[in-house]
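Beneath this line is the structure, given in structure tokens, with notes to follow.
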Amino acid sequence: MDEELHERIREVVRAVPRGRVSTYGDIAARAGASSPRVVGKVLSEDGHDLPWHRVLRSTGRPAEHIARRQLELLRAEGVLAEGDRVDLGEYRWRD
DNA sequence: AGGGTGACCGTGA
DNA sequence: ATCACGGCCACCC
């Protein structure tokens, strides 16, 4: 995988403001990644030191295996979820 | 070379 | 609202 792209993706994730969320697709677009899948890949293996919990699927729901933890972290910074779904219309990050 | 596997996405039923 | 599909891309057998 292109090292350049890898860093750009980390960069964009790091730029998501506290109390806001983004999606794999948005991150991919901003970082110039060819597919949202690449973003998930980067976060899974090199996202521990990033605000990875601010990245959700386009549905506003987190990926299954990390859902509990993720929603907990979001709640801690003021992002409330209805069940397991975050309202993107309200919290989605756009400059 | 070819098939399987994901922290994915949009569309259509 | 949910589900299946096809498309997507990097990796690893």
Side-chain angles (χ1 to χ4, degrees):
Chain A
M1 157 109 160
D2 186 356
E3 196 53 40
E4 185 75 16
L5 174 61
H6 184 101
E7 282 312 316
R8 278 207 305 282
I9 290 175
R10 284 173 49 77
E11 195 63 31
V12 175
V13 173
R14 200 153 38 220
V16 181
R18 228 174 86 84
R20 312 302 303 284
V21 301
S22 188
T23 69
Y24 294 94
D26 283 359
I27 300 292
R30 280 173 176 272
S34 45
S35 161
R37 286 189 177 283
V38 179
V39 176
K41 185 77 157 48
V42 170
L43 287 185
S44 70
E45 53 192 36
D46 195 24
H48 46 283
D49 60 335
L50 298 174
W52 58 268
H53 58 282
R54 309 213 257 252
V55 184
L56 300 166
R57 297 199 279 204
S58 63
T59 54
R61 288 191 171 80
E64 297 299 336
H65 54 290
I66 50 175
R68 202 172 307 269
R69 173 77 171 133
Q70 181 160 17
L71 293 174
E72 180 184 350
L73 288 169
L74 286 176
R75 188 168 59 248
E77 54 184 66
V79 176
L80 278 20
E82 320 157 11
D84 65 339
R85 191 182 70 260
V86 170
D87 185 340
L88 293 182
E90 179 172 2
Y91 298 107
R92 190 177 209 153
W93 171 46
R94 20 192 185 285
D95 306 292

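Lettering of chains follows the sequences in order, A, B, ..., and the numbering in each one begins at 1. This is a predicted model, so every value here is computed, not measured.
In this structure, of B:dC9, B:dA7, C:dC9, it is B:dA7 that holds the atom nearest to the side chain of A:S44. The side chain of A:A63 lies closest to B:dA7 when the candidates are B:dC9, B:dA7, C:dC8. Side chain of A:R61, nearest nucleotide from C:dA10, B:dA7, C:dT2: C:dT2. The nucleotide whose nearest atom lies closest to any side-chain atom of A:Y24 is, among B:dG10, B:dC8, C:dC9, B:dC8. Distance from the side chain of A:S58 is smallest to B:dG10 among C:dA10, B:dA7, B:dG10.
The nearest whole Å value for the distance from the CD atom in A:E45 to the P atom in B:dG6 is 14 Å. We find that CG of A:L73 is positioned 14 Å from C1' of B:dA7, with the value rounded to whole Å. Between A:H65 atom NE2 and B:dG6 atom P there is a gap of 10 Å when expressed in whole angstrom units. Here the P atom of nucleotide C:dC8 and the CD1 atom of A:I27 are 22 Å apart, to the nearest Å. Rounded to a whole Å, the CG atom of A:L71 is 17 Å from the P atom of B:dA7. Rounded to whole Å, the distance from CD1 on A:I9 to C1' on B:dC8 is 12 Å. Straight-line distance from the CG atom of A:D26 to the C1' atom of B:dG10: 14 Å, rounded to whole Å. Spacing between atom CG of A:D49 and atom C1' of B:dA7 amounts to 16 Å, rounded to whole angstrom units.
Look at A:E11 and A:R14 and you find a salt bridge, because one of the NZ, NE, NH1 or NH2 atoms lies within 4.0 Å of a carboxylate O, short of that distance. Taking 4.0 Å as the cut-off between side-chain N and carboxylate O, A:R75 and A:E72 do not count as a salt-bridged pair.
At a threshold of 4.5 Å between non-hydrogen side-chain atoms, the residues A:E64 and A:R57 count as touching.
Contacts of A:R20 classified as salt bridge (charged side-chain N to carboxylate O under 4.0 Å, His left out), with partners at least two apart in sequence or in another chain: none.
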With a cut-off of 3.5 Å and sequence neighbours excluded, list every side-chain donor-acceptor pair involving residues 30-40 of chain A.
unit_1: A:R30; atom_1: NH2; unit_2: A:D95; atom_2: OD2; d: 3.0
unit_1: A:S35; atom_1: OG; unit_2: A:R37; atom_2: N; d: 3.1

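For the P atoms, the distance linking B:dA7 with C:dG7 amounts to 22 Å, nearest Å.
With the 3.5 Å cutoff on both pairing distances, Watson-Crick and G-U pairs in DNA chain B assemble into runs of at least 3 at B:2-6 with C:9-13, B:8-13 with C:2-7.
Between A:R37 and A:K41, the residue anchored closer to the 5' end of DNA chain C is A:R37, taking for each the nucleotide with the nearest heavy atom.
Taking 4.0 angstrom as the limit, A:S34 places a side-chain polar atom (N or O) nearer than this to OP1 or OP2 of C:dA10.
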Audit row: A:E77, A:H53, side-chain hydrogen bond (donor to acceptor under 3.5 Å, both in side chains) steps and yes/no | CA-CA 11 Å; A:E77 54 184 66; A:H53 58 282; 3.0 Å; yes

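A donor N or O paired with an acceptor N or O is not found under 3.5 Å between the base of B:dC8 and the side-chain atoms of A:R57.
Enclosure of atom CZ in A:R68 is not indicated, since only 12 or fewer non-hydrogen atoms of other residues, nucleotides or ligands lie within 6.0 angstrom.
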